[in-house]
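Report on the following structure.
Keep in mind the model is a prediction, meaning the values are calculated, not measured. As the structure lists them, so they are numbered: ligands from 1, and atoms in each ligand from 1.
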Amino acid sequence: MLNAFTIDLEDWYQGIEFPIGRWSSCSKRVEKGLYRIFSLLEEYSVKATFFSLGWIAEKYPAMIKEIAASGHELGSHGYSHEKVYSLTKDEFREEIKVTKNRLEDLIGKPVTTHRSPFFSITSKSLWALDILKKEGIEIDCSISPVKTWRYGIKSCPDCIFRIREADIVEFPVSSFRFFGMTWGIGGANFRLLPCKITKDALDRRMKLGKQNMFYIHPWEYDENHPKVRMNWKAGITHYARLSKTLPNTVSLLKNYKFGTVSDVVLNYQNKFGGLSQISIDHLQE
Ligand SMILES: [Zn+2]
């Protein structure tokens, strides 16, 4: 079974919620982490989906072209890394337009996948799905069925489905139960928990016929990026056990089959003869 390998293409200072006005003064390290994961994907012949910020596409055009030339998929991660529920509808539409246009100019083909910063399509920002579809996005990966202090919709199914009203495919974060709690597969959980816990979760889900969505960031492969004081919750999710990202990733790539978001959705549709549809009301809380 094919699982999705996704990278949110951003630098360390974007992952810790620095406002865009501070970005130019931060040390630039995105390539350090990016090329570590990029080489691993080459080594294991895996094609992944890179959700890029529009800002990153503007500053690193050669890097974007190289990713696309290697056969990976490019998707949008918005422009300013602002959470969707903190934007107006017009601001959100503009972020998607600018990012999509910039990426498409660089890679010469349509960008049809999207993930919002911090999985910030929640019950407060479901309006974003309509806008995404109208701007040419076919597959959104912005909803988490795991509820956290920042994001999440508890009633969201944790497999691929179509949202009827917006006519858009949703491929949410994959979730699993461990120690009486629900966890998402990827990011901080991937570093905080022993790798075996993630692998057991992948195995259990695959036995149930559920495709997995794995996500990670370039700065998680760069343990020496600058340390900044922040609230303890954000501090743990950003900095804990960064040295584990690389060996844990090798273990996943050795043991599972991964591909791009679009390839996984296509496989899933072919296997099951379509996708289940749910109404947007199901995601209201
Ligand atoms: Zn992000």
Side-chain angles (χ1 to χ4, degrees), residues 4-23 26 28-34 36-38 48-60 63-64 67 72-87 91-92 95-96 98-100 102-103 111 113-122 125 128 132 137 139-144 146 148-152 170-174 184-192 213-222 225-226 228 230-231 233-240 242 245 249 261:
F5 197 106
T6 66
I7 294 118
D8 293 354
L9 191 46
E10 63 194 40
D11 213 332
W12 65 274
Y13 44 87
Q14 291 149 346
I16 57 176
E17 300 190 59
F18 272 13
I20 194 165
R22 285 182 69 181
W23 292 358
C26 295
K28 304 291 179 286
R29 300 179 65 95
V30 68
E31 289 160 300
K32 286 188 194 297
L34 187 271
R36 284 184 189 140
I37 181 57
F38 196 68
T49 297
F50 290 74
F51 294 110
S52 177
L53 286 179
W55 190 90
I56 289 281
E58 275 176 14
K59 305 289 176 202
Y60 300 90
M63 185 174 84
I64 299 293
I67 292 169
H72 299 292
E73 177 172 50
L74 263 306
S76 153
H77 194 41
Y79 187 88
S80 68
H81 213 252
E82 189 53 80
K83 298 176 203 74
V84 179
Y85 51 74
S86 303
L87 296 171
E91 285 168 342
F92 177 72
E95 290 229 0
I96 300 306
V98 171
T99 302
K100 207 169 168 300
R102 188 70 193 130
L103 287 169
V111 166
T113 58
H114 168 81
R115 171 176 292 139
S116 293
F118 303 107
F119 302 108
S120 56
I121 297 189
T122 67
S125 49
L132 286 171
I137 298 296
I139 306 170
D140 176 64
C141 306
S142 304
I143 302 182
S144 169
V146 183
T148 75
W149 57 289
R150 259 186 186 138
Y151 56 75
E170 181 64 37
F171 191 169
V173 175
S174 297
I185 294 178
N189 294 341
F190 183 57
R191 293 177 271 120
L192 290 166
M213 161 64 73
F214 175 75
Y215 73 93
I216 204 80
H217 306 85
W219 47 263
E220 293 183 90
Y221 295 95
D222 176 21
H225 71 262
V228 175
M230 60 181 83
N231 78 63
K233 283 191 252 182
I236 287 175
T237 54
H238 191 86
Y239 288 114
L242 289 168
T245 318
T249 304
V261 163

Item to check | NZ/NE/NH1/NH2 to OD/OE distance under 4.0 Å, D222 and K32 | outcome: no
Checklist entry - Do any of the N, O or S atoms of H81 sit under 2.8 Å from the Zn ion (ligand 1)? => result yes
Next on the checklist: Taking the six-membered ring for Trp, are F119 and Y215 closer than 6.0 Å centroid to centroid?
Outcome noted: yes
Checklist outcome for this item: Hits for ring-ring contact (aromatic ring centres under 6.0 Å, His included) against H217, two or more places apart or cross-chain, chain-then-number order -> W219
Item to check | Metal check, the Zn ion (ligand 1) vs E10 N/O/S, cut-off below 2.8 Å | outcome: yes
Next on the checklist: Parallel, tilted or perpendicular, judged at 30° and 60°: which one describes the rings of Y13 and W23?
Outcome noted: tilted
Checklist entry - For the Zn ion (ligand 1), which N, O or S atom of H77 is at the shortest distance? => result NE2
